[in-house]
Number of protein chains: 2
Amino acid sequence: MPAPSDPVDTVLELENFLPYQLNVCSSRVSEALSRIYGERYQIGVPEWRVLVTLGQFETMTAKAIGLHSHMHKTKVSRAVAMLERRKLIGRRANRADMREAFLSLTPAGREIYNDLAPSALEFARQLLDTIAPDDRAMFCRVMSKLNERADQIARNIAKEIGEDRAEDRINPVAKERFRG
Amino acid sequence: MPAPSDPVDTVLELENFLPYQLNVCSSRVSEALSRIYGERYQIGVPEWRVLVTLGQFETMTAKAIGLHSHMHKTKVSRAVAMLERRKLIGRRANRADMREAFLSLTPAGREIYNDLAPSALEFARQLLDTIAPDDRAMFCRVMSKLNERADQIARNIAKEIGEDRAEDRINPVAKERFRG
DNA sequence: TGACGATGGTTGCTAAAGAAACTAGTTTTC
DNA sequence: GAAAACTAGTTTCTTTAGCAACCATCGTCA
């Protein structure tokens, strides 16, 4: 019988099944994190990501934000719209290409970012402070490998069934579901 | 300047921020996985979890399934309802407690499970086959620690702001959002 | 130049997820 | 032994996510 923490088993046990473990871990962590900014600033994950991305890069188009923060363009669009309504970010037209616009934090937005970023870093510090630095680095490396591998496998399957390549999908899912 | 894979930074960079990395990794992995069963059986993650849990434990109540698979009771309820409509699981009343019912796979459900479980294990094998066994074990240990730590932090925050303890929440979120 | 395809971004529609309210049954308490 | 408190599970309602269709603009190629 495999050890309970052995990630490769011969019988399918949910609690030792990597995709499940990852999902649970991810949602527990982001749940904890969202308690820090959710209550305080009344924003959700997408808005948080937009704020942080703009805080990091000063000025960006919605497209670039989506690419960098791994979000679907509609998610970005809506998050941007709400942050704009709240006057936390502003937009400046790109005279060279009127389709897109340059987004950046307003002073009010920068203020929130300046408070929000340290709390987030502090949160990450607390999360990781019981984990040895070597293990942290290793953990990141494994995550990257998993990402790579997952994409590889997904591509293979897509090729097998000859799927149409929808270009602007972030989380492509099966299109039709059984609707009993 | 910190190395790009250093999980502890002094500036907030999304791509090196653990909760973000976890979220991306988790969704890419489950996206890839869902391609295996989604297309083939027309089910989603909740249904998959119910099937797998019942495959593992033979008979269970909805409550127990939710506990074991970390799902909100409404999610379980709906997944069960759809699997029942498709005659993949059946229910037997518990004469000793008529509130709950014992759920288990029908032969048809077991058949699907018998095909589905090996593919899932094979998927996990492919995911992990480039990762050294020691690293796999380490990865799992770190995930458990992160889970623990995340809950701890969340509890602390909840205590600080003196939150009401909603007992049947799996992913509690901020209650009120700004609706610009 | 001007049609045609591609691209950035928004909107409309549908599906999924969770909170809260509810139903039905069980346990506790006085 | 009945009212109150509690529990398993379902339903309703609201929010959120994503796909598809769309609009406006841009690049290309005849």
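Computed from heavy atoms alone, side chains included, the values below leave out hydrogens, waters and symmetry copies. A note on names: the letters A, B, ... follow the listed sequences, proteins ahead of strands, and every chain is numbered from 1. Just so it is clear, the model here is predicted, and its values are computed rather than measured.
Counting to the nearest Å, the P atom of C/dA17 and the NZ atom of A/Lys75 are 13 Å from each other. Distance CD1 (A/Ile65) to C1' (C/dG8): 12 Å, rounded to an integer number of Å. As rounded to whole Å, 14 Å separates atom P of D/dA8 from atom CG of B/Leu103. In this structure, the CE atom of A/Met82 is 12 Å from the C1' atom of D/dT15, given to the nearest Å. As a whole-Å value, the separation of B/His70 NE2 from C/dG18 P is 11 Å. When rounded to the nearest whole Å, the span between CE of B/Met71 and P of C/dA16 equals 14 Å. Going from atom NZ of B/Lys73 over to atom P of C/dA16 covers 21 Å, rounded to whole Å. The interatomic distance linking A/Glu31 (CD) with C/dA17 (C1') rounds to 14 Å, in whole Å.
Salt-bridge formation is detected for the pair B/Arg110/B/Glu58: a Lys NZ or Arg NE/NH1/NH2 atom is positioned less than 4.0 Å from an Asp or Glu carboxylate oxygen. A/Glu148 has no carboxylate O lying under 4.0 Å from a charged side-chain N of A/Lys145, or vice versa, which leaves the two without a salt bridge. For B/Glu100 and B/Lys63, the salt-bridge test fails: no basic side-chain N is under 4.0 Å from an acidic carboxylate O.
Within 4.0 Å of A/Ala101, counting heavy atoms only, lie sugar-phosphate atoms of the nucleic acid but no base atom.
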- Task: Take B/Glu39 and B/Arg35 through the test salt bridge (Lys or Arg N to Asp or Glu O under 4.0 Å) and record every step on the way to the result.
- Result: CA-CA 6 Å; B/Glu39 294 273 323; B/Arg35 292 203 168 203; over 6 Å; no
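In this structure, A/Thr61 does not reach the C/dG8 phosphate: none of its side-chain N or O atoms is under 4.0 Å from OP1 or OP2.
Remark: the backbone N or O of B/Thr130 is not paired with any side-chain donor or acceptor of A/Arg149 at under 3.5 angstrom.
Results of the side chain to side chain contact (heavy atoms under 4.5 Å, CB included) test with A/Leu103 over A/Thr61, A/Ile65, A/Thr59 single out A/Ile65 as the only residue that passes.
Put simply, the side chain of A/Phe17 reaches to within 4.5 Å of the side chain of A/Leu12, judged on heavy atoms.
Contact annotation: side chain of A/Arg78 to base of D/dG18, donor-acceptor pair present below 3.5 Å. For A/Lys63 against C/dG8, no side-chain N or O and base N or O form a donor-acceptor pair under 3.5 Å. The base of C/dT7 lies close enough to the side chain of A/Arg99 for a donor and an acceptor atom to sit less than 3.5 Å apart.
A residue-by-residue look at A/Glu100 and A/Thr74 shows that A/Glu100 has its nearest nucleotide of DNA chain C further toward the 5' end.
Of the residues in residues 88-96 of chain A, none lies under 4.0 Å from DNA chain D by heavy-atom distance.
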